[in-house]
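Working notes for the structure below.
Values in this document were obtained by computation on a predicted structure and should not be read as measured data.
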Amino acid sequence: MTAPSTPLPWFPAAEAPGGRPVPARAGGGPDRLVLDPAAVSLAGPRGHDQDAGYAGPRLLVVADGVGGNRGGAAAARVAVGEVVRRAAAARADSTEDAPDAGLAATFAAADAAVRAAAAADPALSGMATTCTAAVLARDGRVVVAHVGDSRALLLRGGVLTRLTTDHSLVQALVDSGGLTPEEAATSPMRSVLLRVLGGSADPGPADLIAVAARAGDRLLLCTDGLSGVVPAATLQRVLAAERRPAAAAARLLMAALAAGTRDDVTAVVADVAPAGWAGGAAEVRVGSAGDVPED
């Protein structure tokens, strides 16, 4: 990425490639719905994963770092760590009941944290990251916050809907009629981002999207190492075919490799399930987020 001046094996979530299980935190009041989560991440040809991902029973996050091997990984790790930390704090003090405002403030804090880390280390100067997060709120909504060109998608009733809009130059050109979607998919400018956390430009407020959750919904958050090479029809087919989130995530990763991705690939998949579902109570961190210490 360029910062602006802008049918496979089944894996339990804890065994997802690159994953590190983290014991689920206790606390909070009764919830009607929970997330059954899984995540995978794999470094691209550079051999150093600059993506970060987190999957838990209430929160999903992906980030795709910009700024060289060290800087990109650090930016993604800092952003995901800040979002996870603040979400846990909100749940502990019941401010999670206002997830829209909370996520907006969390993304502003994550932006500040990435900038502070870059300012503290000259080797990280200019680092930045995309970030997309989804919270399953106690009011029964999934609230998504988004900056960059990672994506959040919802599979419901076999139909896949994209919830986020890319903050990229080619998306802006498509919106203005300067490019067709087909031209955008192969444009040499497709990695140029207009909004990121960190970097040299103010990203502005995060996009916020909310949908009423239903048991049986399946969520996918992914970086462009997946969505940039695997067509939406294939994403839909894989997500609909696999019974378990971990199997779907692993199969999506393999689909990206089969499509010839040249980027890091991160996929976070979670099913919305009735409270009490015991299929996926653990948290999983992948990519550079695996280096984030536990609280």
Shortest non-hydrogen contact from Val83 to Thr106? CA-CG2, 3.6 Å

Can you check side chain to side chain contact (heavy atoms under 4.5 Å, CB included) on Leu153 and Thr161, steps first, answer last? CA-CA 6 Å; Leu153 305 99; Thr161 301; over 6 Å; no

Do Glu242 and Arg237 come close enough that some side-chain heavy atom pair is under 4.5 Å? no

Let's go through Leu173 and Met189 carefully: what are the C-alpha distance in whole Å and the side-chain angles of both, what is the deciding distance for side chain to side chain contact (heavy atoms under 4.5 Å, CB included) to 0.1 Å, and is it a yes or a no? CA-CA 10 Å; Leu173 290 171; Met189 300 180 293; 3.8 Å; yes

Between CG on residue Asp217 and CG on residue Asp271, distance to nearest 0.5 Å: 9.0 Å

4.5 Å side-chain heavy-atom contact, Leu226 and Arg151: no

Might you point out which heavy atoms bring Pro37 and Leu35 nearest each other, and give the distance in Å? CD-O, 3.2 Å

With distance as the sole criterion, is a donor-acceptor pair present between the side chains of Asp264 and His48 under 3.5 Å? no

Roughly how far, to the nearest 0.5 Å, is CG of Leu239 from CG of Leu219? 10.0 Å

Minimum heavy-atom distance Ala75-Met127, with the two atoms named: N-SD, 3.6 Å

Any side-chain donor paired with an acceptor under 3.5 Å for Thr130 and Ser150? yes

Would you say that more than 12 heavy atoms from the other residues, nucleotides or ligands in this model lie under 6.0 Å from the CZ of Arg214, or not? no

Short side-chain donor-acceptor distance under 3.5 Å, Asp51 and Thr266: yes

Test Leu42 against Val286 for side chain to side chain contact (heavy atoms under 4.5 Å, CB included), laying out the working first. CA-CA 9 Å; Leu42 185 69; Val286 295; over 6 Å; no

Within the structure provided, determine whether Val147 and Phe107 are in side-chain contact (heavy-atom separation under 4.5 Å). yes

Strictly distance-based, threshold 3.5 Å: is any side-chain N or O of Arg58 a donor or acceptor partner for the main-chain N or O of Leu136? yes

Give a yes or no on whether a salt bridge exists between Asp149 and Arg190, defined as a side-chain N under 4.0 angstrom from a carboxylate O. no

Say whether, by atom type as modelled, one donor and one acceptor occur between the side chain of Gln171 and the main chain of Ser168 under 3.5 angstrom. no

Non-hydrogen atoms of Ala52 and Arg77 that approach each other most closely: CB-N, 4.2 Å

Can you measure from CG (Leu154) to CZ (Arg162) and round to the nearest 0.5 angstrom? 14.0 Å

How far does NE2 of His146 sit from OG1 of Thr164, to the nearest 0.5 angstrom? 4.5 Å

Does the side chain to side chain donor-acceptor pair (under 3.5 Å) test come out yes or no for Ser288 and Asp49, once each step is laid out? CA-CA 6 Å; Ser288 64; Asp49 199 343; over 6 Å; no

Within-4.5 Å side-chain heavy-atom neighbours: Pro245 and Arg218: yes

Return the minimal non-hydrogen interatomic distance between Arg141 and Ala210, and the atom names on each side. NH1-CB, 3.6 Å

Does some side-chain heavy atom of Cys131 sit less than 4.5 Å from a side-chain heavy atom of Val61? yes

Looking at Arg115 and Pro203, what are the two nearest heavy atoms and their distance? NH2-CD, 3.5 Å

Candidate pair Val144 and Thr132, rule side chain to side chain contact (heavy atoms under 4.5 Å, CB included), full reasoning: CA-CA 7 Å; Val144 176; Thr132 302; 4.1 Å; yes

Heavy atoms, side chains only, cut-off 4.5 Å: are Arg46 and Asp263 in contact? yes

Within the structure provided, determine whether Val269 and Arg244 are in side-chain contact (heavy-atom separation under 4.5 Å). no

Are Arg285 and Val84 close enough that some pair of their side-chain heavy atoms sits under 4.5 Å apart? yes

